[in-house]
Amino acid sequence: MLRANDVSHAYGDEPVFRDLTIDVDAGEVVAVIGPSGVGKTTLLRTLAFSLEPDEGTVALDGTDAWAVDDSERLALRRRVGMVFQEASLFSGSVARNVEYGLRVRRSWADRLTSALRLNDATDAVEESLAVVGLEDEIDQPADALSGGEAQRVSFARALAYDPDVLLLDEPTSDLDPRNTAVIEEAIGEAKSRGIGVALATHDMHQAERVADRVAVLLDDGITEVGPTEAIFEDPEKERTRKFISGELVY
């Protein structure tokens with residue numbers, strides 16, 4: 001469904017990754033693991049069509065996002081959701097925050113003919129909040145939430161418009177075990193709906209719990225990608241094994 005093929009990106013003279021290939025299919029969770037600063041966020045931004053690679057292609061269902069015009073690229077972006085490390089909610093109710101994703105992904109014509117009223121919770125909003133266990137907080141002000149609850153609302157916002165692909169950038173790095181467990185259960189729910197999920201994380205235990213496949217991002221590329229159990233129990237590459245075992249220090 002979503003595929004980056006032989007992509008390269010650099011900031012100035014500093015390469016982030018070279019000739020990197022990764023794909024995410026419908027209804028699977030792919031975890032991208034690697035140390036901090038290795039380029040996981042840059043990779044997700046590339047997969048989200050918000051950052052054009054210096055080389056290579058990034059395609060959704062075979063359509064290269066950077067070979068089409070701006071309107072077609074926007075249509076592709078609307079099929080991809082992203083949850084960042086920080087929730088970044090805005091003032092207003094929980095419902096208004098979750099509704100936001102639904103509204104901005106509609107065409108202007110649709111917005112004029114069937115605009116969502118800010119105080120009305122749609123079925124999609126209620127359902128997505130139920131996935132993260134916050135349906136009872138729907139009318140609460142967002143600034144009254146805890147950090148963990150805010151991140152769960154951020155996940156619900158991305159889930160509400162039913163994206164084809166969901167990109168998660170260290171979504172539980174600052175959360176306690178309870179909120180982490182809720183987010184991981186929500187990842188499972190997204191998978192069961194047929195959504196492809198790419199999860200960037202430095203938490204290898206989390207990758208083991210939720211991922212179908214794991215890609216190991218080290219230095220300037222993916223050293224290995226494969227089924228989760230194979231990557232953690234019997235990796236093919238020595239460098240992968242050393243990273244998993246903690247022998248490589250960054």
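Atoms considered below: every heavy atom in the structure, side chains included; atoms not considered: hydrogens, waters and symmetry mates. Along the sequence shown, residues carry numbers from 1.
With a 4.5 Å cut-off on side-chain heavy atoms, V225 and V216 do not count as touching. Annotation: side chain of V98 is not in contact with side chain of Y161 (no heavy-atom distance under 4.5 Å). L20 places none of its side-chain heavy atoms less than 4.5 Å from the side chain of D6. With contacts defined as side-chain heavy-atom distances shorter than 4.5 Å, the pair I195/L159 qualifies. Considering only heavy atoms from C-beta on, L47 stays 4.5 Å or farther from V80 through its side chain.
Screening residues 81-95 for salt bridge (Lys or Arg N to Asp or Glu O under 4.0 Å), with sequence neighbours left out, gives no hits. For residues 142-160, the set of pairs meeting the side chain to side chain donor-acceptor pair (under 3.5 Å) definition, not counting sequence neighbours, comprises S146-E149, R152-N179. Residue pairs meeting the ring-ring contact (aromatic ring centres under 6.0 Å, His included) criterion with at least one partner in residues 8-46, sequence neighbours excluded, are H9-Y11. Applying the side chain to side chain donor-acceptor pair (under 3.5 Å) test to every pair with at least one member in residues 45-66, sequence neighbours left out, gives these pairs: D61-R79. The ring-ring contact (aromatic ring centres under 6.0 Å, His included) contacts involving residues 163-210 comprise nothing, where partners must be two or more places apart or lie in separate chains. Screening residues 193-208 for salt bridge (Lys or Arg N to Asp or Glu O under 4.0 Å), with sequence neighbours left out, gives E189-R193.
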- [ ] Apply side-chain contact (heavy atoms from CB on, under 4.5 Å) to the pair R3 and V58, showing each step before the final yes or no.
- [x] CA-CA 6 Å; R3 178 176 176 84; V58 188; over 6 Å; no
Open item on the list: Run V125 and L102 through side-chain contact (heavy atoms from CB on, under 4.5 Å) and show every step you take.
Closed with: CA-CA 9 Å; V125 170; L102 288 165; 3.8 Å; yes
Task: Candidate pair V197 and V24, rule side-chain contact (heavy atoms from CB on, under 4.5 Å), full reasoning - done: CA-CA 7 Å; V197 180; V24 184; 5.8 Å; no
Open item on the list: Let's go through I22 and V30 carefully: what are the C-alpha distance in whole Å and the side-chain angles of both, what is the deciding distance for side-chain contact (heavy atoms from CB on, under 4.5 Å) to 0.1 Å, and is it a yes or a no?
Closed with: CA-CA 9 Å; I22 188 171; V30 178; 4.3 Å; yes
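Scanning for salt bridge (Lys or Arg N to Asp or Glu O under 4.0 Å) contacts around E238 gives R241, with sequence neighbours left out. When the salt bridge (Lys or Arg N to Asp or Glu O under 4.0 Å) test is applied to E170, the partners found at least two apart in sequence or on another chain are K40. Not counting sequence neighbours, the partners of A65 by the side chain to side chain contact (heavy atoms under 4.5 Å, CB included) test are F49, R73, L76. Listed by chain and residue number, D23, E28 satisfy the salt bridge (Lys or Arg N to Asp or Glu O under 4.0 Å) test with R213 (two or more places apart in sequence, or in another chain). Evaluation of the salt bridge (Lys or Arg N to Asp or Glu O under 4.0 Å) rule for D212 yields K191 as partners, not counting sequence neighbours. Listed by chain and number, the residues in a side chain to side chain contact (heavy atoms under 4.5 Å, CB included) with A186 are V131, V132, F155 (sequence neighbours excluded).
Looking at V32, L199, L44 one by one, the single match for side-chain contact (heavy atoms from CB on, under 4.5 Å) with L168 turns out to be L199.
Closest approach of P163 and G81 over heavy atoms only: CB-N, 3.7 Å. The shortest heavy-atom contact between A10 and P15 is CB-CA, 3.6 Å. In plain terms, the two heavy atoms of V83 and A158 that are nearest each other are CG2-CB, 3.7 Å. In plain terms, the two heavy atoms of S128 and A160 that are nearest each other are OG-CB, 3.7 Å. Nearest heavy atoms, F243 versus G34: CZ-CA, 3.7 Å. Taking both residues in full, the closest heavy atoms of G133 and E135 are given as C-OE1, 3.3 Å, listed atom of the first, atom of the second, then distance.
With rounding to the nearest 0.5 Å, the separation of CG in L166 from CD1 in I187 is 8.0 Å. Between T180 atom OG1 and R178 atom CZ the span is 11.0 Å, to the nearest 0.5 Å. With values rounded to the nearest 0.5 angstrom, L129 atom CG is found 10.5 Å from E127 atom CD. A distance of 6.0 Å separates CG of L217 from CD1 of I222, quoted to the nearest 0.5 Å. Distance check: L89 CG to L145 CG gives 7.0 Å after rounding to the nearest 0.5 Å. Atom CG of L43 is separated from atom CG of L167 by 9.0 Å, given to the nearest 0.5 angstrom.
With hydrogens and angles left out, the side-chain atoms of T41 and D169 include a donor and acceptor closer than 3.5 Å. Residues Q206 and T172 bring a donor and an acceptor atom of their side chains to less than 3.5 Å of each other.
The closest donor-acceptor contact from the side chain of S93 to the backbone of D139 lies at 3.5 Å or more, if one exists at all. Remark: the backbone N or O of K237 is paired with a side-chain donor or acceptor of E224 at under 3.5 angstrom. Under the 3.5 Å distance criterion, the side-chain polar atoms of R96 are matched with a main-chain donor or acceptor of S91. Within the 3.5 Å criterion, the main-chain N or O of D19 finds a donor-acceptor partner in the side chain of S8.
Within 6.0 Å of CD on E236 lie no more than 12 heavy atoms contributed by other residues, nucleotides or ligands.
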